[in-house]
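Following: one structure in structure tokens, then a few remarks.
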Amino acid sequence: MDNQSQKVKVLIKDWGTKEVAPGTLVLELLHQASGKLAKETLAVKVGNKIIDLNTPINNDMELKVLTFDDAEGAQVYRHTASHVMAQAVKDLYANVRLGIGPSIRDGFYYDFDLTQAINPEDLPKIEEQMKKIIKDDLPLERIELGRGEAIKLFSDMGEKYKVELIEDLDEGSTISCYRQGDFIDLCAGPHLPSTGRLKAIKLLNLAGAYWRGDERRPMLQRIYGTVFPKAKLLEEYLQQLEEAKRRDHRKLGRELDLFSFHEEGPGFPFFHPNGIIIRRELENFWREEHRRAGYQEIETPIILNRKLWEQSGHWDHYQENMYFTKIDQQDYAVKPMNCPGAMLVFKAGMYSYRDLPLRLAEMGLVHRHEKSGTLHGLMRVRSFTQDDAHIFMLPEQIEDEVARVFDLVDKFYHIFGFEYNIELSTRPEESMGSDEMWEKATTALQNVLIKKNIPYTINEGDGAFYGPKIDFHLQDSLGRTWQCGTIQLDFQMPEKFDLNYVARDG
RNA sequence: GCUCACGUAGCUCAGUAGGCAGAGCGUAUCCUUGGUAAGGAUAAGGCAACCGGUUCGAAUCCGGUCGUGAGCUCCA
């Protein structure tokens with residue numbers, strides 16, 4: 001009877017119930033349940049929390065096992081690999097300070113601050129050291145500390161970035177660390193029970209990365225890698241990468257003689273006869289779809305007077321990205337956006353509320369000075385023809401129109417088989433207009449997404465200087481994402497350009 | 001812009017104790033062959049991205065400029 005009351009009952013989802021003595025570790029429980037289960041499980045999920053396998057069980061609970069096939073399981077697996085890599089780097093180099101080392105889609109990375117530069121030839125060496133650590137099968141131990149203790153621990157180690165991270169956490173919060181061998185790292189966890197669980201590792205490439213992604217802060221050295229529980233899976237993944245390289249549009253563009261780039265114009269694509277054939281077909285399709293969706297086509301000039309750009313706000317807020325020229329002693333700018341031109345088109349006419357919404361579409365050639373390091377084939381250029389449209393509408397038409405634009409964008413991407421995800425970009429630091437306008441515009445966009453039941457993430461502070469936007473991020477063949485289409489809501493341009501229509505009440 | 005790597009014929013690349021610049025594919029001409037990126041022969045094509053330095057001598061070492069590639073919070 002006493003025996004009974006000492007046991008705790010654990011329901012393992014999709015497996016059954018197991019009773020064990022209190023204090024039993026999750027891993028032991030799994031062993032008792034099934035060897036296979038113990039071997040494949042990387043962590044378990046209790047409610048919404050994922051916990052380590054070497055957490056003691058003290059109460060009755062329900063848990064779900066996570067294996068490599070679960071996204072969350074793979075994350076745990078790869079996060080542990082990042083710790084092992086950090087340990088290896090610390091073993092091999094002096095004066096290493098750690099940044100962050102999360103798991104990412106298909107792998108992991110870790111950022112290091114060290115005086116010596118890591119070269120591509122060093123990666124195999126680091127890999128070897130990782131394999132040693134894996135072979136040692138070091139257990140990962142979770143240690144919980146108070147905030148003050150944690151700050152002391154990491155400042156004693158000279159880990160200034162970790163200290164900064166801890167300082168950003170709440171005053172009273174408990175800080176967790178993970179230790180394997182003599183390596184200790186600040187980490188929320190969870191982790192694999194021991195390093196020996198890692199199998200097929202591969203360090204892929206290295207790159208610079210600003211601390212916290214902020215170009216005003218120091219640049220750290222980032223190593224990317226991946227890991228799989230089976231060599232075969234790693235092989236497949238590497239093959240897939242090779243396969244994707246063959247589909248790289250830059251390679252296809254050259255081989256099919258579609259377009260080229262030249263030193264004489266970095267970021268300015270040259271389209272060849274074959275490329276133009278494709279382009280014209282796309283344009284024909286574009287025209288047909290836009291006509292059907294109620295758009296009228298316009299075309300506005302590429303070079304316009306400085307006054308226009310001052311009026312639109314580009315002069316103050318977008319100048320760094322613009323190109324300039326002089327005509328007859330006067331300043332002109334090459335357009336980076338089509339909006340001001342479209343405003344002038346609207347202004348040239350006289351419209352009644354009955355004419356709204358007025359949908360003006362344009363294939364506008366724009367030029368923008370993008371940072372040299374961001375250029376990439378046709379995906380990131382300094383001049384491109386934008387499939388652009390400006391819709392002039394009544395306040396009560398906003399949500400319907402935005403939804404229509406959304407559907408049109410989706411239609412195009414869907415036809416060409418693009419996967420995308422949606423971000424809602426909010427007010428940036430460098431911007432104009434009142435809080436109230438921004439609030440109103442952001443809410444309107446958000447409402448459309450909610451009504452259409454579209455999953456999205458918020459990209460704080462990444463809106464245009466004149467308004468918030470819904471961004472479509474497309475995936476390329478290599479799984480990288482690029483912001484392409486955007487739907488922007490702008491209450492300011494019409495005001496700045498003094499655009500009017502005749503309302504119902506005259 | 002910043003970090004690291006790279007920059008050799010149209011394309012893919014080889015060429016390290018610094019000593020006269022190479023291959024495959026492609027191109028041109030010719031031959032062979034009735035078949036869907038066929039075979040053979042010959043040829044053209046590079047001021048080694050550019051500028052400067054070290055050296056008797058540099059593609060090869062050093063510096064600068066330009067360009068290309070990977071990446072620059074998928075959060076401890």
Side-chain angles (χ1 to χ4, degrees), chain A residues 71-72 74-75 78-79 82-83 86 98-114 116-123 142-145 147 150-151 153-154 159-170 173-178 184-191 203-224 241 245-246 248 250-257 260-268 272 320-321 369-377 379-380 382 421 423 457 459-462 473 475 478-481:
Chain A
E72 290 165 321
Q75 270 172 32
R78 288 170 166 154
H79 192 182
S82 87
H83 277 222
L98 303 177
I100 59 169
S103 72
I104 54 175
R105 208 161 59 89
D106 297 336
F108 60 88
Y109 68 79
Y110 215 114
D111 289 343
F112 305 98
D113 181 356
L114 69 175
Q116 197 183 337
I118 299 177
N119 293 314
E121 306 87 71
D122 299 332
L123 295 182
R142 183 185 171 93
I143 301 162
E144 297 191 344
L145 302 168
R147 194 159 167 278
I151 289 175
L153 175 69
F154 284 98
E159 291 287 2
K160 59 177 179 181
Y161 301 103
K162 297 293 180 186
V163 172
E164 187 182 323
L165 291 172
I166 300 167
E167 279 169 348
D168 282 353
L169 297 174
D170 288 339
S173 54
T174 303
I175 314 290
S176 61
C177 301
Y178 279 78
I184 187 159
D185 193 5
L186 173 72
C187 186
H191 275 285
L203 300 187
L204 297 169
N205 43 30
L206 63 177
Y210 294 107
W211 170 236
R212 301 202 145 183
D214 183 343
E215 62 187 10
R216 287 163 303 195
R217 302 207 206 209
M219 173 153 287
L220 311 179
Q221 301 188 57
R222 174 172 297 179
I223 304 179
Y224 285 91
L241 285 185
K245 276 186 198 159
R246 267 178 247 150
D248 190 318
R250 291 166 298 183
K251 191 172 155 71
L252 294 173
R254 196 171 46 236
E255 288 173 353
L256 301 176
D257 201 12
S260 62
F261 285 91
H262 304 274
E263 290 201 6
E264 290 81 350
F268 301 118
H272 298 194
E320 284 179 9
N321 294 296
H369 182 256
E370 301 288 352
K371 287 189 211 167
S372 58
T374 62
L375 301 178
H376 179 100
M379 293 305 273
R380 197 66 166 188
R382 284 180 170 160
N421 49 308
E423 287 185 6
T457 54
N459 195 352
E460 209 70 60
D462 204 40
H473 290 254
Q475 259 184 46
L478 300 169
R480 297 178 293 200
T481 60

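Remember, predicted model here, so these are calculated numbers, not experimental data. Heavy-atom basis, side chains included; hydrogens, waters and symmetry copies ignored. Throughout, protein chains are lettered first and strands after them, A, B, ... in sequence-line order, and every chain is numbered starting at 1.
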Side-chain H-bond candidate by donor/acceptor type, A:His262 with A:Ser260, under 3.5 Å: yes
Verdict with reasoning, A:Leu153 to A:Ile184, per side-chain contact (heavy atoms from CB on, under 4.5 Å): CA-CA 10 Å; A:Leu153 175 69; A:Ile184 187 159; 4.1 Å; yes
C1' gap between B:U55 and B:C11, integer Å: 35 Å
Whole-Å distance separating the CZ atom of A:Phe268 from the P atom of B:G67: 11 Å
Parallel, tilted or perpendicular: ring planes of A:His83 versus A:Tyr178, cut at 30 and 60 degrees: perpendicular
Pairing residues for A:Glu164 by the salt bridge (charged side-chain N to carboxylate O under 4.0 Å, His left out) criterion, not counting sequence neighbours: A:Arg212, A:Arg217
5'-most by nearest nucleotide on RNA chain B - A:Ile118 or A:Glu370: A:Glu370
Validation row: A:Tyr110, A:Pro102 side chains within 4.5 angstrom (heavy atoms): no
A:Cys177 vs A:Leu145 side-chain heavy atoms within contact, under 4.5 Å: yes
A:Asn119 CG to B:U3 P, straight-line distance once rounded to whole Å: 15 Å
Sequence-aligned protein contact record of nucleotides 71-76 of chain B, with B where the base is within under 4.0 Å of a protein heavy atom and S where only the sugar-phosphate is: BBBBSB
Whole-Å C1' distance, B:A43 and B:C2: 48 Å
Span that lies between the C1' atom of B:G10 and that of B:G52, in whole angstrom: 30 Å
Separation between OG of A:Ser173 and CG of A:Asp168, rounded to the nearest 0.5 Å: 10.5 Å
Distance between P atoms of B:G39 and B:U33 (Å, rounded): 16 Å
Neighbour count above 12 (heavy atom, 6.0 Å) for A:Glu320 CD: no
A:Leu114 CG to B:C4 C1', straight-line distance once rounded to whole Å: 12 Å
Interatomic distance where CG belongs to A:Asp248 and P belongs to B:C11 [whole Å]: 16 Å
For A:Gln116, side chain to side chain donor-acceptor pair (under 3.5 Å) partners two or more places apart: none
Separation between the P atoms of B:G69 and B:A28, rounded to whole Å: 30 Å
Whole-Å gap separating P (B:G26) and CG (A:Asp257): 16 Å
Spacing of A:Asp113 atom CG relative to B:U3 atom C1', expressed in whole Å: 12 Å
Interatomic distance at P, B:U54 relative to B:C62, whole Å: 15 Å
Pairing residues for A:Glu263 by the side chain to side chain donor-acceptor pair (under 3.5 Å) criterion, not counting sequence neighbours: none
Sugar-phosphate, base or nothing in reach of A:Arg250, heavy atoms under 4.0 Å: sugar-phosphate
Rounded distance in Å - CZ (A:Phe112) to C1' (B:C4): 15 Å
For RNA chain B, stems built from three or more consecutive Watson-Crick or G-U wobble pairs below 3.5 Å: B:1-7 with B:66-72, B:10-13 with B:22-25, B:27-31 with B:39-43, B:49-53 with B:61-65
Cationic tip of A:Arg222 above A:Tyr109 ring, under 6.0 Å, 45° of axis: yes
With 3.5 Å as the limit, what N/O pairs link the protein to nucleotides 12-16 of chain B?
unit_1 : atom_1 : unit_2   : atom_2 : d
B:U12  : OP1    : A:Arg254 : NH2    : 3.1

Atom-to-atom span, CG of A:Asn321 to P of B:G1 - whole angstrom: 13 Å
Nearest-Å distance once atom C1' is located in both B:C31 and B:U12: 29 Å
Gap in Å between the two C1' atoms, one belonging to B:A59 and one to B:G7, rounded: 11 Å
Trace of the side chain to side chain donor-acceptor pair (under 3.5 Å) decision for A:Asn321 with A:His369: CA-CA 4 Å; A:Asn321 294 296; A:His369 182 256; 5.4 Å; no
Closest nucleotide among B:C4, B:C66, B:A70 to the A:Glu263 side chain: B:C66
Test log, rule salt bridge (charged side-chain N to carboxylate O under 4.0 Å, His left out), inputs A:Lys162 and A:Glu167: CA-CA 9 Å; A:Lys162 297 293 180 186; A:Glu167 279 169 348; over 6 Å; no
